[in-house]
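These numbers come from a predicted model, not from an experiment.
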Amino acid sequence: QVQLVESGGGLVQPGGSLRLSCAASGSIFSISDMGWYRQAPGNQRELVASITYGGNTNYVDSVKGRFTISRDNAKNTVYLQMNSLKPEDTVVYYCKAAVRKTLWNTAYQDYWGQGTQVTVSS
């Protein structure tokens, strides 16, 4: 099986910074795209940022210039550096990874982390 474990969430004041980490482990042959999503109560989960294996990135407009996604392919880990945080960034953040589990099965399957709460408040 594949597990994604997130860390780094917490409480921060407006204008502050947090760094989220998400480490994938288990039956992993390779990982293609990785990403961070967020979901507020009653809302659909939305993409915050994504990154390909080669390092190409994509961001939702509301975080451009404030958040930076990166990854360490050797560690199967994706990061989200969040700067200039705003109260509206207060939600649960989830990581996702597209995982190929074996050499013989070329299909990629999406796996999700358990979520980490980010709260921006004074």
Side-chain angles (χ1 to χ4, degrees):
Q1 194 50 281
V2 175
Q3 299 84 35
L4 272 64
V5 178
E6 298 145 346
S7 60
L11 173 65
V12 64
Q13 291 186 342
S17 298
L18 284 174
R19 189 192 194 208
L20 305 183
S21 299
C22 173
S25 62
S27 301
I28 298 172
F29 177 76
S30 67
I31 300 176
S32 60
D33 294 353
M34 303 185 82
W36 289 95
Y37 291 70
R38 61 189 181 187
Q39 184 172 22
N43 290 353
Q44 288 190 331
R45 196 169 293 185
E46 66 167 358
L47 174 68
V48 176
S50 64
I51 185 168
T52 66
Y53 182 87
N56 292 321
T57 59
N58 180 51
Y59 298 91
V60 67
D61 286 346
S62 61
V63 307
K64 286 180 179 177
R66 300 190 298 124
F67 292 8
T68 302
I69 189 170
S70 61
R71 64 189 286 174
D72 184 331
N73 291 329
K75 297 181 178 179
N76 290 332
T77 299
V78 63
Y79 306 96
L80 186 67
Q81 178 66 45
M82 304 186 294
N83 298 329
S84 302
L85 282 161
K86 304 175 181 180
E88 52 263 41
D89 296 318
T90 297
V91 284
V92 178
Y93 288 74
Y94 299 86
C95 67
K96 187 180 81 169
V99 177
R100 176 180 171 183
K101 297 178 70 175
T102 68
L103 173 64
W104 303 274
N105 184 354
T106 59
Y108 285 84
Q109 182 177 352
D110 288 339
Y111 290 87
W112 291 89
Q114 79 285 357
T116 185
Q117 175 71 46
V118 170
T119 302
V120 185
S121 175
S122 55

Nearest heavy-atom contact between Val48 and Val63 is O-CG2, 3.8 Å

- Message: For a 4.5 angstrom cut-off between non-hydrogen side-chain atoms, does Leu4 reach Gln114?
- Response: no

The complete set of side-chain hydrogen bond (donor to acceptor under 3.5 Å, both in side chains) pairs with one or both residues in residues 98-108, sequence neighbours excluded, reads Ser30-Tyr108

CA sep, side-chain torsions, deciding dist, call: Phe29, Val99, side-chain contact (heavy atoms from CB on, under 4.5 Å): CA-CA 7 Å; Phe29 177 76; Val99 177; over 6 Å; no

Taken to the nearest 0.5 Å, the spacing of Gln13 CD from Thr119 OG1 works out to 13.0 Å

Joining Ile, Leu, Val, Met, Phe, Trp and Tyr whenever any side-chain heavy atoms lie under 4.5 Å apart, the cluster holding Tyr94 also takes in Tyr37, Leu47, Val92, Trp112

| field | Main-chain N/O of Ser7 paired to Thr116 side chain as donor or acceptor, under 3.5 Å | value | no

d(Tyr111 OH, Cys22 SG) to nearest 0.5 Å is 13.5 Å

Looking only at heavy atoms, the pair that brings Ala40 and Val91 closest together is CB-CG1, 3.5 Å

Same apolar cluster: Tyr93 and Tyr79, side chain cutoff 4.5 Å = no

When rounded to the nearest 0.5 Å, the distance separating CG of Asn76 from CD of Gln3 is 12.0 Å

Between the CG atom in Leu20 and the CZ atom in Phe67, the distance rounded to the nearest 0.5 Å is 8.0 Å

So salt bridge (charged side-chain N to carboxylate O under 4.0 Å, His left out) across residues 23-35, not counting sequence neighbours, yields none

dist Ile51:CD1 -> Ile31:CD1 (nearest 0.5 Å) comes out at 12.0 Å

List the atom pairs, donor and acceptor, that lie under 3.5 Å between side-chain atoms in residues 80-88 and the rest of the protein, sequence neighbours left out.
from  : atom 1 : to    : atom 2 : distance (Å)
Gln81 : NE2    : Asn83 : OD1    : 2.9
Asn83 : OD1    : Ser17 : OG     : 2.9

Residues 108-117 vs salt bridge (charged side-chain N to carboxylate O under 4.0 Å, His left out), sequence neighbours excluded, gives Lys96-Asp110

Task: Flag, side chain of Glu6 to backbone of Cys95, donor-acceptor distance under 3.5 Å - done: yes

Residue pairs passing the side-chain hydrogen bond (donor to acceptor under 3.5 Å, both in side chains) test with at least one member in residues 40-55, sequence neighbours excluded, are Arg38-Glu46, Gln39-Arg45

In short, Asp89 meets Arg66 closest at the heavy-atom pair OD2-NH1, 2.8 Å

